[in-house]
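Everything below concerns the one structure shown next.
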Protein chains: 2
Amino acid sequence: MTTLGYAILGLLSREDLSGYDLTQRMAGRVGYFWSARHSQIYPELARLEDGGYVTHSVVEQKERPDKKVYEITAEGLDALKGWTIEPPKPRPTRDELTLKTYSVWLADKEKAVRLFREEELKHEEQLAHYEKLRGRMEGEWREDLTSTNSPEFASYATLRRGISYEREYAEWCRWMADSIESRRSTERRKRQNGE
Amino acid sequence: MTTLGYAILGLLSREDLSGYDLTQRMAGRVGYFWSARHSQIYPELARLEDGGYVTHSVVEQKERPDKKVYEITAEGLDALKGWTIEPPKPRPTRDELTLKTYSVWLADKEKAVRLFREEELKHEEQLAHYEKLRGRMEGEWREDLTSTNSPEFASYATLRRGISYEREYAEWCRWMADSIESRRSTERRKRQNGE
DNA sequence: ACCCGCATGTAAGTCGTTACATGATTCT
DNA sequence: AGAATCATGTAACGACTTACATGCGGGT
């Protein structure tokens, strides 16, 4: 089974969904840390059904095309439960901005500052969005968040990860931009002193 | 040009290296946020040479097999400089542990706590390793770190990212483990009270 | 008439991993 | 004699992205 398979099972364990619905959820970043396109989802659903992890039934709609609504099976739920508490196989972290940073000593400093300020802004915006969601969750789900057995707690926990990730990233971007800016003036002074 | 190509150029801009040397650097996590195997590196070097970004010369060694040592060209350096300050194309963040968290409400709580404690430890260890490196860098490179034009500053900057990333991750893992543990006792109490 | 949203698929191509393959030298 | 390191490649496969393909119904 692939990780994508478990991502789909994770969604289906909460509600029955069509391939189209799943695609919407996966675009909106399931748990904020996985995503997939419909071209990956439809074949994976077929494989999951083949393996007995899900079943589907056709739902006829008036004024909308028919759809296949998928449901998780008992075997699917078992597999998901088991996978959840197994250590993740370590995947190499790939982050292009940090890779760029490795060569930032060669770059035009003004443009580099602009780059890091822009990236900082993106992460701040994502952070603000997450914080808004967090406020809503803490308000609406106060009861559910007292138990770790609720899907609400699980959603909240992944959101917390999103929040701290974005905050950390934004802070580092700010540190980068500030560092380059302040050291730029140091170098200007040096050149003026003929050093 | 691929991102891997720029990763290689980033290394070659600092020193001339063979495919084998590059493989070692890429295994040890270039700038801590990119990696590749030799099977990807050798063909990519051929493409880079084809595009005029690098050249190679054969170095004969006594008591070691011959090797091809690669050198970045002026065009290669230009391309690298330009790429460095361009905004990275957004790649979806994929993190398996956070995906697992999305389904943690289904899992055995004791095993879940163990999982997050183990992952916390891994990130703490990585963090400790990075902190040691940081200490060494700040000691040995004091001069170089005052200028953003030095490769030492660039290495230091990526290390800073590694440090804050690992710290953030470890903290979140701890929060997760603590949350599940404390709420577990809440639920035990609830069951005992017949709620 | 044309575009948008709903709905489901397939095909081609890229990026990356694992495995296959070879050969020299040095250490045990 | 066998394992470990240096050194360079290719092949097969899996995961993911982009593009191709089709069809209905509603709104402008």
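Just so it is clear: chains get the letters A, B, ... in the order the sequence lines come, proteins before strands, and each one is counted from 1.
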For a quick check, with a 4.0 angstrom heavy-atom cut-off, what is the B/S/- contact string for nucleotides 2-13 of chain C, read 5' to 3'?
----BBBBBB--
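Between A:Glu63 and A:Arg47, the residue anchored nearer the 5' end of DNA chain D, judged by the nucleotide with its closest heavy atom, is A:Arg47.
We find that CZ of A:Arg91 is positioned 15 Å from C1' of C:dT18, with the value rounded to whole Å. In this entry the distance linking CE of B:Met1 with C1' of C:dC15 reads 15 Å, nearest Å. The CD atom of B:Glu44 sits 13 Å away from the P atom of D:dT10 (whole-angstrom rounding). Spacing between atom CG of A:Leu99 and atom P of C:dG16 amounts to 11 Å, rounded to whole angstrom units. When the C1' atom of D:dT8 is taken as reference, atom CD1 of B:Ile8 falls 14 Å away, rounded to whole Å. Separating the CG atom of B:Leu22 from the P atom of D:dC6 is a distance of 15 Å, rounded to the nearest angstrom. One atom, CG of B:Leu17, and another, C1' of D:dC6, lie 15 Å apart when rounded to the nearest Å. Protein atom NE2 of B:His56 is 15 Å distant from nucleotide atom P of D:dA7, rounded to whole Å.
Taking the ring axis of B:Tyr102 as reference, the NZ or CZ atom of A:Arg14 stays within 45° of it and closer than 6.0 Å to the ring centre. Judged by a 6.0 Å distance limit and a 45° cone about the ring axis, B:Arg160 is positioned over the six-membered ring of A:Trp175. A cation-pi arrangement is found for B:Arg161 relative to B:Phe33, the charged atom lying closer than 6.0 Å to the ring centre and inside a 45° cone about the ring normal.
Classification of A:Lys122 and A:Glu119 as a salt-bridged pair holds, one side-chain N sitting under 4.0 Å from a carboxylate O.
A donor-acceptor contact shorter than 3.5 Å links the side chain of A:Lys109 to the backbone of A:Ala107.
Counting non-hydrogen atoms of neighbouring residues, nucleotides and ligands closer than 6.0 angstrom, the CD atom of A:Glu60 reaches no more than 12 such neighbours.
Closest to the side chain of A:Arg37, from the set C:dT18, D:dC16, D:dT18, is D:dT18.
A:Arg134 is linked by a salt bridge (charged side-chain N to carboxylate O under 4.0 Å, His left out) to A:Glu131, A:Glu138, counting only residues two or more places apart in sequence or in another chain.
A sub-4.0 Å separation between OP1 or OP2 of D:dC16 and a side-chain N or O of B:Arg94 is present.
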